[in-house]
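Order of appearance sets the numbers: ligands from 1, and atoms from 1 within every ligand. A quick note: this is a predicted structure, and the numbers were derived from the prediction, not measured.
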Amino acid sequence: MNALGQRIAALIAAQGPISVAEFMMLANNAYYAARDPFGAGGDFITAPEISQTFGEMLGLWCVQIWHDQGKPKRKRLVELGPGRGTLMADVLRAARVMPGFLDDLEVVLVEASPVLRKIQGETLSAFARAAPPHPALSPAGGEGKTWEPPSPPRSGGEGRGEGVVPFRWVNQFDSTLMDRPFFLLANEFFDALPIRQFVKTARGWCERMVTLDANCTLAFALSPVPAPETLIPPDRRDAPDGSIYEVSGAAISLAVDIAHAIAHNGGGALIVDYGYDEPGFGETLQAVSEHAFATILDAPGESDLSAHVDFLALAAAAKVAGASVFGPTTQGAFLQNLGIVRRTEQLIASRKPADLSLWTDVDRLIAPEQMGTLFKALAILPTSASIPAGF
Ligand code: SAH
């Protein structure tokens, strides 16, 4: 057992079994805090790391929503779990097509990992330098600090030059983000949020816990006492024995907060992730390390723990909080509706010699047997909104 495993074992010895959610939170906090997990040399690869067109389409989506809502002023662009900062760089570059969007925009990166914050700062700093008229941005500041260009901006005004965007980092989405309209993006963020698992048995729905076996190593066990029936949605209570119900309280409460803010301030949110769009009864918790499945309990914090996102639960939560939802639709349909094929043709035409590997990358994002169907997109918008682009 590794050091985190020993700490978790001590916790269980001291206070009793912990939920799968608590285990997942402890393991993932350690996992993301210590490493850059992305890419060929890492543990997994995400859509923005596969093709720049993914972030470009999401950027166009944001500016279109902003335009549709009458171009509200003093808005934020918020990203949950920005990884290497690649998606945000592509979004900002694409957003330049809409005059005015970058003016009075604040970018907020919701990221708990110090390692990834640093990489995000570097990615976005390089992006700004490589792309005039953005002056270079200084390295990441501390929590909540606004990150402004180190030198006076080129065109005066209120301390900002044309196209310069202030950035700041926060540890979590919280009420300080609820005082202005925001356009929020979350790609492969919700799957990392902790889930609880309940297994249907002859006794009722029993929670799966993490405990210690006779050798004092971490092991799964079912709670001997069934959970109160009110924890299980009515349409799932009569499932056959052996069924598993997974629920992420963290994901649902985040969807409620985001939807509540959007219902009051305007703006919009786009959640893209792998997940299901009908009530599921299977186990989806998985550990991934070096692009392969790993065991969940053996080396906590050394592999990425994730679970498929329950899009219907997020949609229902957003509606209860007073917003409208669109989708979930498949990632393949969403990206094609936004014009990813045409954009890829443009990119290929602009490169000499033509680089046909761009098709392979985009195919990976949209083909049904690759990421196109498993991954889905869900939009949260104010109730006044009409059907957004892509849906
Ligand atoms: N969106 C990126 C990365 C997805 S990986 C991409 O598409 O490439 C998940 C990201 O969410 C990482 O940046 C991770 O550090 C962050 N993260 C995971 N759990 C978090 C939490 N509870 N709070 C804040 N950030 C979290």
Taking the six-membered ring of Y245 (Phe, Tyr or Trp), confirm whether the NZ or CZ of R236 is under 6.0 Å from its centre and within 45° of its axis.
-> no
What about Y276 and F311, are their ring centers closer than 6.0 Å?
-> no
Contact table ligand 1 N or O to protein N or O, d under 3.5 Å:
{"residue": "ligand 1", "atom": "1 (N)", "partner": "G81", "partner atom": "O", "Å": "2.7"}
{"residue": "ligand 1", "atom": "1 (N)", "partner": "N187", "partner atom": "O", "Å": "2.7"}
{"residue": "ligand 1", "atom": "7 (O)", "partner": "N187", "partner atom": "ND2", "Å": "2.8"}
{"residue": "ligand 1", "atom": "8 (O)", "partner": "T46", "partner atom": "OG1", "Å": "2.6"}
{"residue": "ligand 1", "atom": "13 (O)", "partner": "G83", "partner atom": "N", "Å": "3.1"}
{"residue": "ligand 1", "atom": "13 (O)", "partner": "E111", "partner atom": "OE1", "Å": "2.6"}
{"residue": "ligand 1", "atom": "15 (O)", "partner": "E111", "partner atom": "OE1", "Å": "3.4"}
{"residue": "ligand 1", "atom": "15 (O)", "partner": "E111", "partner atom": "OE2", "Å": "2.6"}

Evaluation steps, side chain to side chain donor-acceptor pair (under 3.5 Å), between Q64 and D68 = CA-CA 6 Å; Q64 181 71 50; D68 292 348; 3.0 Å; yes
Enter the distance from Q331:CD to Q336:CD here, rounded to the nearest 0.5 Å.
-> 10.5 Å
Is the F173-F182 ring centre distance short of 6.0 angstrom?
-> yes
Starting from the C-alpha separation in whole Å, work towards a yes-or-no answer on side chain to side chain donor-acceptor pair (under 3.5 Å) for S19 and E207.
-> CA-CA 8 Å; S19 67; E207 183 158 9; 4.5 Å; no
